[in-house]
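Notes to accompany the following structure.
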Amino acid sequence: MKERKNVGRLLSLCTTFLLACAWLPSVASPGIDDRLRALMAEHGTVGLAVVVVRDNAVVHRSSLGWKDLEREIPLDEDDVFRIASISKSFAATAVMQLVEQGRLSLDDDAGDLIGFPVRNPAYPDRPITLRMLMNHTSSITDGTHYGSLDVIDPRTGGAWRDSYADRAPGERYEYSNLGYNMVGAIVERASGERFDAYVRRHVLEPLGLYGGHLVDALDEGRFARLYRWREDQGFVRSDQAYLPLGPRLDTHVIGKDAPVFSPTGGLKISAADLATWMLVHMNHGTWNGVRIISAEHARAMQSPTVTIDATSAYGLGLRTERALLPGVELTGHTGSAYGLYSSMFFDVEKKYGFVVITNGTRDMRVRDEVNGALHEHFITGAGSLPPEE
């Protein structure tokens with residue numbers, strides 16, 4: 001046991017040294033990059049990718065620190081991250097496409113859409129709708145896990161009742177990852193396509209975005225490795241974030257097995273392409289001549305439907321936030337999983353926004369502080385920086 005602790009301390013010391021090297025200032029990236037490196041050093045951060053949009057165009061990109069800590073591979077702007085809960089905006093957009101095609105309605109009973117009863121046992125006469133799944137008011141909780149629909153399907157004979165809170169559907173907000181995995185299954189049943197394939201064909205490819213939910217179809221060499229911080233071990237790599245599905249694809253059942261792709265948090269994409277996604281929603285469903293959803297449905301995703309707390313509210317796969325930057329209301333989403341912390345927030349009227357992703361940190365506050373530094377540098381202290389070519 002003593003030898004194991006000594007190894008852990010040695011790894012932690014090596015990690016600290018490597019991170020310090022990654023943060024050495026560079027004369028090639030003065031100003032904001034130096035400030036970002038200082039924040040990384042202060043909070044103990046492995047790698048950091050940021051993209052800044054101003055006046056509806058990208059004006060800055062930074063990729064700092066490490067993509068692979070053990071092999072000392074620097075982070076590159078084309079590297080791909082599992083972005084966690086920002087993925088919900090892709091699932092919600094897929095739903096909106098199917099609503100526009102008349103295959104779904106936001107007020108449909110979720111049970112009718114998913115193929116088994118979806119009823120809170122304490123309120124059996126209160127329908128749970130697709131809209132409630134999407135804005136986290138369904139009364140469905142994550143319980144012990146949310147990686148399979150068996151936990152809520154009464155036909156399995158399991159403890160499905162434990163997936164419901166003791167309150168009426170539609171009553172109030174409670175974040176539900178299980179709810180969004182159910183949304184993914186509904187997309188499959190309505191479209192007849194596997195969830196990952198639907199998003200790739202109808203959302204990512206039309207916009208020219210590289211990424212998706214299926215690890216097996218992506219270039220493993222582009223993955224930014226994710227790291228959890230452990231006080232007794234230092235940074236521990238989270239390989240489960242990018243596990244291939246392999247033979248499980250052969251037995252995939254449409255409308256049942258969608259959670260294996262994690263519609264709730266499993267999209268992989270680069271910071272640069274996520275910034276394009278942000279521009280799509282900043283411009284009400286269209287970018288570069290490609291319309292993904294109607295302006296009406298893009299606005300519906302952004303419009304608050306339920307209060308989260310005194311400073312934030314949730315729409316449909318996107319939220320409004322007034323606490324990230326004091327006195328400023330932004331729209332977007334955050335994500336956290338496997339040691340990664342991500343955020344995508346924008347001002348739809350003033351046409352600016354920030355993508356911030358770290359693949360490992362000792363202190364998640366770095367995400368908010370980086371957003372603050374970017375806002376101060378590029379917006380409130382904005383000079384006449386031209387858009388990037």
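Panel note: side chain Thr361, backbone Met364; no donor-acceptor pair is recorded below 3.5 Å. Not a single donor-acceptor pair under 3.5 Å links the side chain of Arg299 to the backbone N or O of His284. The main-chain N or O of Glu171 is never found under 3.5 Å from a side-chain atom of Thr137 such that the two would form a donor-acceptor pair. Checked by atom type and distance alone, the side chain of Ser238 never pairs as donor or acceptor with a backbone atom of Gln240 at under 3.5 Å. The backbone N or O of Ala84 sits nowhere less than 3.5 Å from a side-chain atom of Arg82 that would complete a donor-acceptor pair. Judged purely by atom type and a 3.5 angstrom limit, Asn283 has no side-chain atom pairing as donor or acceptor with the backbone of Lys351. Using a distance-only test at 3.5 Å, with no hydrogens or angles considered, no donor-acceptor pair links the side chain of Arg131 to the main chain of Asp107. Under a 3.5 Å cut-off, the side chain of Lys268 and the backbone N or O of His213 do form a donor-acceptor pair. Side-chain N or O atoms of Thr156 include one that pairs as donor or acceptor with a backbone N or O of Asp150 at under 3.5 Å. No donor-acceptor distance shorter than 3.5 angstrom exists from the side chain of Arg194 to the backbone of Asp257, with no hydrogens or angles considered.
In terms of hydrophobic clustering, with Ile, Leu, Val, Met, Phe, Trp and Tyr side chains grouped at heavy-atom distances under 4.5 Å, Met301 and Ile86 are assigned to a common cluster. Connection of Met134 to Ile308 is established within a shared hydrophobic cluster, with ILVMFWY side chains joined at heavy-atom distances below 4.5 Å, either directly or through further cluster members. Leu245 is connected to Val215 through a chain of hydrophobic side-chain contacts under 4.5 Å among Ile, Leu, Val, Met, Phe, Trp and Tyr, so both are in one cluster. Linking Ile, Leu, Val, Met, Phe, Trp and Tyr whenever their side-chain heavy atoms come within less than 4.5 Å leaves Tyr341 and Ile83 in two separate clusters. With hydrophobic clusters built from ILVMFWY side chains whose heavy atoms lie under 4.5 angstrom apart, Val203 shares a cluster with Leu218.
Taking 4.0 Å as the cut-off between side-chain N and carboxylate O, Arg35 and Glu376 count as a salt-bridged pair. A salt bridge links Arg225 to Glu220: one of the charged nitrogens lies within less than 4.0 Å of a carboxylate oxygen. Electrostatic pairing of Asp309 and Arg322 does not count as a salt bridge here, judged by no charged N lying under 4.0 Å from a carboxylate O. In this structure, Arg365 does not pair ionically with Asp368, as no charged nitrogen and carboxylate oxygen lie closer than 4.0 Å. Using a cutoff of 4.0 Å between basic side-chain nitrogens and carboxylate oxygens, Arg222 and Asp76 are not scored as salt-bridged.
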Please set out all donor-acceptor pairs under 3.5 angstrom arising from side-chain atoms of residues 269-276, sequence neighbours excluded.
{"from": "Ser270", "atom 1": "OG", "to": "Asp273", "atom 2": "N", "distance (Å)": "3.1"}
{"from": "Asp273", "atom 1": "OD2", "to": "Tyr210", "atom 2": "N", "distance (Å)": "2.9"}

Please tabulate, for side-chain N and O atoms in residues 248-256, each donor-acceptor pair with protein atoms closer than 3.5 Å (sequence neighbours left out).
{"from": "Thr251", "atom 1": "OG1", "to": "Arg248", "atom 2": "O", "distance (Å)": "3.3"}
{"from": "His252", "atom 1": "NE2", "to": "Glu188", "atom 2": "OE1", "distance (Å)": "3.3"}
{"from": "His252", "atom 1": "NE2", "to": "Glu188", "atom 2": "OE2", "distance (Å)": "2.9"}

Considering only distance and modelled atom types, tabulate donor-acceptor pairs under 3.5 Å from the side chains of residues 95-102, sequence neighbours left out.
{"from": "Gln97", "atom 1": "OE1", "to": "Tyr198", "atom 2": "OH", "distance (Å)": "2.7"}
{"from": "Gln97", "atom 1": "NE2", "to": "His202", "atom 2": "O", "distance (Å)": "3.0"}
{"from": "Gln97", "atom 1": "NE2", "to": "Ile292", "atom 2": "O", "distance (Å)": "3.2"}
{"from": "Glu100", "atom 1": "OE2", "to": "Ser294", "atom 2": "N", "distance (Å)": "2.7"}
{"from": "Glu100", "atom 1": "OE2", "to": "Ser294", "atom 2": "OG", "distance (Å)": "3.1"}
{"from": "Glu100", "atom 1": "OE2", "to": "His297", "atom 2": "ND1", "distance (Å)": "3.1"}
{"from": "Gln101", "atom 1": "OE1", "to": "Arg103", "atom 2": "NE", "distance (Å)": "3.0"}
{"from": "Gln101", "atom 1": "OE1", "to": "Arg103", "atom 2": "NH2", "distance (Å)": "3.1"}

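Of the inter-residue distances, the one linking Phe345 atom CZ with Glu329 atom CD reads 11.0 Å to the nearest 0.5 angstrom. Annotation: the span from Ser139 atom OG to Leu133 atom CG amounts to 9.5 Å, rounded to 0.5 Å. Taken from OG in Ser163 to CG in Asp153, the straight-line distance is 10.5 Å, to the nearest 0.5 Å. Distance check, rounded to the nearest 0.5 Å: CZ of Arg71 to CH2 of Trp66 gives 12.0 Å. The distance from the CG atom of Leu69 to the CZ atom of Arg237 is 9.5 Å, given to the nearest 0.5 Å. Here the CG-CG distance, from Leu267 to Leu204, works out to 6.0 Å after rounding to the nearest 0.5 Å.
Counting all heavy atoms, side chain and backbone alike, Ala224 lies closest to Asp79 at CB-CB, 4.5 Å. In this structure, Ala241 and Leu226 approach most closely via the heavy-atom pair CB-CD1, 3.6 Å. Considering all non-hydrogen atoms of both residues, Pro169 and Asn120 come closest at CG-CB, 4.3 Å. Among all heavy-atom pairs drawn from His281 and Phe346, the shortest one is CB-CZ, 3.9 Å. Of all non-hydrogen atoms in Met182 and Ile152, the two that sit nearest each other are SD-CD1, 4.0 Å. For the residue pair Asp216 and Gly246, the shortest heavy atom distance occurs at OD2-N, 2.9 Å.
Of the listed residues (Tyr314, Trp277, Phe90), just one forms a ring-ring contact (aromatic ring centres under 6.0 Å, His included) with His333, and that residue is Tyr314. Of the residues Thr286, Leu279, Asn288, Val290, the one that meets the side chain to side chain contact (heavy atoms under 4.5 Å, CB included) test with Leu207 is Val290.
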Check against side chain to side chain donor-acceptor pair (under 3.5 Å), Asp33 and Ser62: CA-CA 7 Å; Asp33 280 358; Ser62 293; 2.4 Å; yes
side-chain contact (heavy atoms from CB on, under 4.5 Å) evaluation trace for Val348 with Thr331: CA-CA 8 Å; Val348 70; Thr331 301; 5.5 Å; no
Show the numbers, then the answer: is there a side-chain contact (heavy atoms from CB on, under 4.5 Å) between Lys67 and Phe223? CA-CA 8 Å; Lys67 161 188 178 172; Phe223 294 157; 5.9 Å; no
Test side chain to side chain donor-acceptor pair (under 3.5 Å) on Asn371 and Ser343 and set out the steps. CA-CA 9 Å; Asn371 273 285; Ser343 65; 3.0 Å; yes
The test is side-chain contact (heavy atoms from CB on, under 4.5 Å); show your working for Thr320 and Gln302 and say whether it passes. CA-CA 7 Å; Thr320 57; Gln302 298 173 28; over 6 Å; no
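In this structure, the side chains of Phe378 and Ile32 come closer than 4.5 Å at one or more pairs of heavy atoms. The side-chain heavy atoms of Leu330 and Tyr352, taken from C-beta on, include a pair separated by under 4.5 Å. Considering only heavy atoms from C-beta on, Ser105 stays 4.5 Å or farther from Leu130 through its side chain. With a 4.5 Å cut-off on side-chain heavy atoms, Arg119 and Pro127 count as touching. Taking 4.5 Å as the limit, every side-chain heavy atom of Tyr227 sits out of range of all side-chain heavy atoms of Thr45. Under the 4.5 Å side-chain criterion, counting only non-hydrogen atoms from C-beta, Val46 is not in contact with Trp229. Looking at Tyr164 and Tyr123, their side chains never come closer than 4.5 Å, going by heavy atoms from C-beta outward. With contacts defined as side-chain heavy-atom distances shorter than 4.5 Å, the pair Asn177/Ser85 qualifies.
A ring-centre distance under 6.0 Å is not found for Phe195 and Phe261.
Ring-plane geometry between His136 and Tyr180 is classed as tilted, the angle between the planes lying from 30 to 60 degrees on a 0 to 90 degree scale.
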